[in-house]
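What follows is a set of notes on a single structure, which appears directly below.
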Amino acid sequence: MLDHIAFGVGNLPASSDFYEQALKPLGIELLIKREGVISAFGADRMPGFLLHGDRPAPEAPLHIAFSASDHAGVDAFHAAALAAGGTDNGAPGPRDYHPNYYGAFILDPDGNNIEAVCHSAP
């Protein structure tokens, strides 16, 4: 549905470091880094998640959900994001959105609600 998302952050080096660690368990890696300007993350050499250091951070926090291939990926994302300095906003587990929804929520350095979600049965 979406091709990519881009937004400003308050501290590009801190946010870039956070996302580089937090997204690694989901197979998403840092692809482009231009100091003070942009960090672009993606898989298969296709950037789909971009952070801008030369734009203001959104006034209202964002909610962004990343797909995980299985429950273990959601768990690994949550652990990696906490280790990277994120704030727990919902431990890994089932949610009542639909019977197979399994997600975890973390607040990033700017207070955005970042989620990893798997829609498959365990």
For residues 3-48, pull every pair meeting ring pair (Phe, Tyr, Trp, His ring centres under 6.0 Å), keeping only residues two or more places apart or in separate chains. Phe7-Phe49, Tyr19-Phe49
Heavy-atom closest pair, residues Ala65 and Val117: CB-CG1, 4.4 Å
Group every Ile, Leu, Val, Met, Phe, Trp and Tyr by side-chain heavy-atom contacts under 4.5 Å, then state whether Leu12 and Ile5 land in the same group. yes
I'd like to know if the side chain of Asp88 and the backbone of Gly90 have a donor-acceptor N/O pair within less than 3.5 Å. yes
Are Val37 and Leu30 connected in a single hydrophobic cluster, I mean Ile/Leu/Val/Met/Phe/Trp/Tyr linked by side-chain heavy atoms less than 4.5 Å apart? no
Taking side-chain contact (heavy atoms from CB on, under 4.5 Å) as the test, write out the residues that go with Asn89, two or more places apart. Phe105, Leu107, Asn113
Any pair counted as ring pair (Phe, Tyr, Trp, His ring centres under 6.0 Å), so long as it reaches residues 67-95, sequence neighbours left out: His71-Tyr102
What I'd like to find out is whether the side chain of His98 reaches to under 4.5 Å of the side chain of His119, using heavy atoms alone. yes
Shortest non-hydrogen pair, Pro58 vs Gly8, comes out as CD-O, 3.3 Å
Check: Ile106 and Leu82 side chains under 4.5 Å, non-hydrogen atoms: yes
Report the residues that fulfil side-chain hydrogen bond (donor to acceptor under 3.5 Å, both in side chains) with Glu115, sequence neighbours left out, ordered by chain and then residue number. His63, Tyr101
Please list, chain by chain and in numerical order, all residues satisfying side-chain hydrogen bond (donor to acceptor under 3.5 Å, both in side chains) with Arg55, sequence neighbours excluded. His52
Linking I/L/V/M/F/W/Y whenever any side-chain heavy atoms sit under 4.5 Å apart, do Ile38 and Leu62 land together? no
If you take all heavy atoms of Val9 and Ser15, which pair is closest and at what distance? CB-OG, 3.7 Å
Exercise: identify the closest heavy-atom pair between Val74 and Ala68: CG2-CB, 3.6 Å
Those residues that, when tested against Ala76, pass side-chain contact (heavy atoms from CB on, under 4.5 Å) (two or more places apart): Pro25
Could you name each residue pair satisfying side chain to side chain donor-acceptor pair (under 3.5 Å) that touches residues 33-46, not counting sequence neighbours? Ser16-Ser39
Each residue besides Met46 in its hydrophobic cluster should be listed here, by chain and number; the cluster joins Ile, Leu, Val, Met, Phe, Trp and Tyr at side-chain heavy-atom distances under 4.5 Å. none
Following the transitive rule for hydrophobic clusters with a side-chain heavy-atom cut-off under 4.5 Å over Ile, Leu, Val, Met, Phe, Trp and Tyr, establish whether Leu51 and Ile114 coincide in one cluster. yes
